[in-house]
Peer 1: 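Mind having a look at this structure? Questions to follow.
Keep in mind that this is a model prediction, so the values were computed, not measured. Both ligands and their constituent atoms are indexed starting at 1 by order of listing.
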Amino acid sequence: MRLLITGGAGFIGSALIRYLIKNTKNTILNIDKLTYAGNLESLLSISSHKRYQFQKIDICDQTALEAAFSSFKPDAVMHLAAESHVDRSLTGPAAFIETNIVGTYTLLEVSRKYWEKLPSQQQDSFRFHHISTDEVFGDLANTTDLFVETTPYAPSSPYSASKASSDHLVRAWRRSYGLPTVISNCSNNYGPYQFPEKLIPLMITNALKGKPLPVYGAGDQIRDWLYVNDHAKALYAVLTKGSVGETYNIGGHNEMRNIDVVTMICDLLGEKMDGQDFRKLITFVTDRAGHDLRYAIDASKIERELGWTPDVTFKEGLEQTIQWYLDHPQWWERIFNGRYLETNNAIT
Ligand code: NAD
């Protein structure tokens with residue numbers, strides 16, 4: 001297949017591309033605007049591969065997208081490009097509306113017009129896979145319920161509201177125009193190459209720098225963590241085996257309170273670093289506005305219908321992640337000092 005992947009310079013997109021180059025024969029066009037979250041250094045291991053190419057494109061730019069579709073001729077689109085950090089959505093929601101809603105709309109329209117001109121056999125096999133989040137379902141506080149694919153949408157933040165909007169647009173393009181779409185909603189990811197503004201890499205890198213480990217409120221928020229390489233495998237299963245028009249929830253059966261995640265990081269890091277006490281760096285800070293207390297995914301549909309299950313436990317994945325950050329200080333130090341942008345500028 002020829003796969004057009006948006007947001008491939010981000011955390012999950014780069015993991016997906018590394019997975020696809022290593023484990024499949026597909027050819028990939030990575031389209032990314034290279035915002036602060038895009039980092040071409042995450043793709044250095046595969047960037048000269050003959051089945052990989054990159055174009056710097058904003059998904060709101062219809063003309064540039066049309067040119068990319070007509071020259072690359074994709075068999076499928078995997079759409080990951082998004083503004084993804086809830087805290088940034090609280091201080092600057094405009095970019096979330098623009099990329100997550102207007103950008104998804106623009107990509108859907110360009111995909112639809114391209115798809116309508118394909119021969120009928122290729123029309124049938126074409127896929128538009130929209131990658132979304134469990135945050136669209138809102139807060140599971142005061143219940144032991146899990147999110148299922150039919151849970152009503154109740155987003156809380158500008159981020160989750162913009163992702164919910166994009167999910168609705170994708171369903172409308174399926175129903176109104178027949179575009180062969182599939183949606184996946186995943187829980188919190190962690191793993192190598194995650195931008196150190198998100199909880200797990202922030203805690204690891206702050207601990208290694210001897211800086212405070214800021215925990216929102218009392219750290220009672222519960223998230224369901226999934227190792228990013230397990231997510232990449234799930235995405236490929238959804239693309240290749242999922243039924244058109246369906247939604248698949250993806251999760252790791254790993255409900256954990258944030259404070260427990262942070263103390264586990266402190267302890268695992270301490271074991272690797274001569275028994276150092278990192279717990280003393282934990283600092284409780286004012287909670288995020290509108291912070292959802294609990295997310296938890298019922299992933300039984302993708303397990304039953306597509307045969308996917310996660311390969312690693314949370315402890316195994318966290319150990320691998322901590323070791324990766326210990327082994328690759330140059331990757332994250334270049335984010336803190338801004339030098340990763342030189343690679344982005346040089347390659348584009
Ligand atoms: P990320 O912020 O690490 O990467 C996003 C990528 O999109 C970056 O490379 C960025 O440059 C690119 N981008 C942003 N705006 C763009 C635009 N207008 N045009 C083209 N590219 C643009 O995000 P991530 O964590 O890799 O998440 C990827 C997708 O998965 C998102 O859609 C997100 O909502 C979803 N998701 C993330 C998680 C998670 O825990 N990280 C969980 C579930 C779902």
Peer 1: Which residues satisfy the ring-ring contact (aromatic ring centres under 6.0 Å, His included) test with His129, sequence neighbours excluded?
Peer 2: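 In terms of ring-ring contact (aromatic ring centres under 6.0 Å, His included), with neighbours along the sequence ignored, His129 is linked to no residue.
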
Peer 1: Could you list the residues that satisfy side-chain contact (heavy atoms from CB on, under 4.5 Å) with Thr313, not counting sequence neighbours?
Peer 2: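 Lys315, Glu316.
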
Peer 1: Not counting sequence neighbours, which residues clear side-chain contact (heavy atoms from CB on, under 4.5 Å) with Ile46? List them please.
Peer 2: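 Partners of Ile46 under the side-chain contact (heavy atoms from CB on, under 4.5 Å) test: Ile17, Arg18, Ile21, Leu43, Tyr52.
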
Peer 1: Tell me whether Glu255 is salt-bridged to Arg294, with the criterion being a basic N under 4.0 Å from an acidic carboxylate O.
Peer 2: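 Yes.
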
Peer 1: Using side chain to side chain contact (heavy atoms under 4.5 Å, CB included) as the criterion, point out the one residue from Ile265, Val262, Ile322, Asn189 that pairs with Ile200.
Peer 2: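 Considering Ile265, Val262, Ile322, Asn189, a side chain to side chain contact (heavy atoms under 4.5 Å, CB included) with Ile200 is found only for Ile265.
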
Peer 1: Does the distance from a Lys or Arg side-chain N to an Asp or Glu carboxylate O, for Asp230 and Lys233, drop under 4.0 Å?
Peer 2: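 Looking at Lys233 together with Asp230, the answer is no, because their closest N to O distance does not fall below 4.0 Å.
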
Peer 1: Near ligand 1, which residues have a heavy atom under 4.0 Å away from one of its atoms?
Peer 2: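 Lining ligand 1: Gly7, Ala9, Gly10, Phe11, Ile12, Asp32, Lys33, Leu34, Thr35, Ala37, Gly38, Ile57, Asp58, Ile59, Leu80, Ala81, Ala82, Ser84, Thr99, Ile131, Ser132, Thr133, Tyr159, Lys163, Cys186, Ser187, Asn188, Asn189.
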
